[in-house]
Amino acid sequence: PYWQGALPKRYMLVAQDAGKGEEHAERPDFNTVFSIHRLFTEGEAYLKETRQARYHAYLRAMLPETDDLGSMYFTDLVKCAFSTGGLDASACPCRSDLLVEMAAVRPHVVVFFGSQAFSTGMAMMQGQGFAYHPMTEPVRVRVNKGRELTIRMGHCVGRAELFLGIPQLGQNRYSTEGFANMLNAMRDQVRPAIMRHIATAT
């Protein structure tokens, strides 16, 4: 997990699993899902990397904040392993640790990156008695000539948080126009839903 300052945080951002990497004293990447901490340790170099700059643009388009990452808590759903290679995330006991984190972070909005993280996370929530209910029809966004990706928004019974499923950037899945389409969908549909939820929650 990564965050700045004190808890609670307004937003909790969840990836599927721990990332690959090596531990370096000057730039610790070991088991880092989000390398977003590098935005503060080496910001200029970080934003020159296309994928990192795109994820930063994702956040800026999606979240109605001016303090950049100060209101955000980053974590992963599966703590114990990297899921590439057939790992069944639903069989990992550590996935339920997310509920422990949510109790500490007390977020208003929980964002899952990627369909696998979202479906596994919602299955976990349902298994704990918090069934997911969509608040709108899924938002379909065309990201290249032959592919659409889906944004999901909803609530879990008995929970106050707004839950979002946001597509990952992946490997070369977005055309230039497709990435612009995604940012527009974030600004026009996701951000207003978040703002409405925050207004009612506070």
Side-chain angles (χ1 to χ4, degrees), residues 1-3 7-21 30-36 55 58-59 62-63 71-141 148-170 173 182 185-186 189-191 193-198 200-202:
Y2 172 77
W3 72 96
L7 301 178
K9 295 295 183 186
R10 184 170 287 179
Y11 306 101
M12 185 173 188
L13 298 103
V14 185
Q16 168 66 17
D17 45 44
K20 294 179 179 178
F30 183 71
N31 272 358
T32 299
V33 181
F34 300 96
S35 60
I36 198 76
Y55 264 122
Y58 246 39
L59 297 179
M62 177 172 50
L63 303 179
S71 58
M72 304 174 207
Y73 174 96
F74 298 85
T75 191
D76 54 329
L77 186 63
V78 175
K79 321 295 182 183
C80 62
F82 190 84
S83 66
T84 300
L87 176 73
D88 180 3
S90 65
C92 295
C94 58
R95 72 190 186 284
S96 61
D97 290 352
L98 188 69
L99 286 170
V100 178
E101 289 180 284
M102 289 171 66
V105 178
R106 304 197 297 279
H108 294 307
V109 180
V110 180
V111 181
F112 290 89
F113 283 100
S115 57
Q116 187 177 9
F118 181 77
S119 59
T120 303
M122 292 301 95
M124 180 270 293
M125 295 297 292
Q126 182 162 341
Q128 297 293 321
F130 305 112
Y132 172 76
H133 289 278
M135 58 180 281
T136 64
E137 288 294 318
V139 177
R140 303 287 294 177
V141 182
E148 287 186 338
L149 296 177
T150 302
I151 297 172
R152 302 181 188 279
M153 298 182 277
H155 298 276
C156 288
V157 174
R159 307 284 309 191
E161 302 91 351
L162 173 64
F163 290 91
L164 306 179
I166 302 296
Q168 295 186 68
L169 289 177
R173 293 194 298 182
M182 183 61 73
M186 295 281 199
Q189 299 187 62
V190 178
R191 185 190 288 198
I194 289 174
M195 293 177 69
R196 288 192 296 269
H197 179 75
I198 294 292
T200 59
T202 55

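If you take CG on L99 and CZ on R159, they are separated by 6.0 Å, rounding to the nearest 0.5 Å. To the nearest 0.5 Å, the span separating CE on M125 from CZ on F118 amounts to 10.5 Å. Here CD1 of I194 is found 8.5 Å from CE of M153. Values are rounded to the nearest 0.5 Å. Here the straight-line distance linking atom CZ of R152 with atom OH of Y132 works out to 7.0 Å at 0.5 Å rounding. For the atom pair M62 CE and L13 CG, the distance stands at 5.5 Å (nearest 0.5 Å). For the atom pair OH (Y11) and CD1 (I198), the distance works out to 4.5 Å, reported to the nearest 0.5 Å.
In this structure the side chain of L162 never reaches within 4.5 angstrom of the side chain of R196, judged on heavy atoms. No side-chain heavy atom of Q116 sits less than 4.5 Å from a side-chain heavy atom of L77. Using a 4.5 Å cut-off on side-chain heavy atoms (C-beta onward), I36 and L59 make contact. In this structure, the side chains of Q168 and L149 stay at 4.5 Å or more apart for every pair of heavy atoms. Looking at Q16 and V78, their side chains come closer than 4.5 Å, going by heavy atoms from C-beta outward.
Applying the 6.0 Å contact sphere to CE of M195 captures no more than 12 heavy atoms from other residues, nucleotides or ligands.
For the residue pair K9 and S71, the shortest heavy atom distance occurs at CB-O, 3.6 Å. Closest of all the heavy-atom pairs between C156 and M122 is SG-SD, 3.9 Å. Here the shortest heavy-atom pairing between A160 and H197 reads O-CE1, 2.9 Å. Taking each heavy atom of A185 and V141 in turn, the nearest pair found is CB-CG2, 3.7 Å. Residue Y58 comes nearest to P167 through the heavy atom pair OH-O, 2.9 Å, listed as atom of the first residue, atom of the second, then distance. Residues E161 and P107 share a closest heavy-atom pair of CG-O, 3.3 Å.
Taking the centre of each ring, F74 and F113 stay at or above the 6.0 Å mark.
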Working for side-chain contact (heavy atoms from CB on, under 4.5 Å), residues M186 and I166: CA-CA 9 Å; M186 295 281 199; I166 302 296; 3.2 Å; yes

Apply side-chain contact (heavy atoms from CB on, under 4.5 Å) to I151 and Q189, showing your working. CA-CA 10 Å; I151 297 172; Q189 299 187 62; over 6 Å; no

Apply the test side-chain contact (heavy atoms from CB on, under 4.5 Å) to residues V157 and H133: give CA-CA distance (whole Å), side-chain angles for both, the deciding distance (0.1 Å), then the verdict. CA-CA 7 Å; V157 174; H133 289 278; 3.2 Å; yes

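Classified by interplanar angle (parallel below 30°, tilted 30° to 60°, perpendicular above 60°), the ring pair F112/F163 is parallel.
For the pair Q126 (side chain) and A131 (backbone), a donor-acceptor distance under 3.5 Å is absent. Judged purely by atom type and a 3.5 angstrom limit, H155 has no side-chain atom pairing as donor or acceptor with the backbone of P134. A donor-acceptor pair under 3.5 Å is formed between the side chain of Y55 and the backbone N or O of L169.
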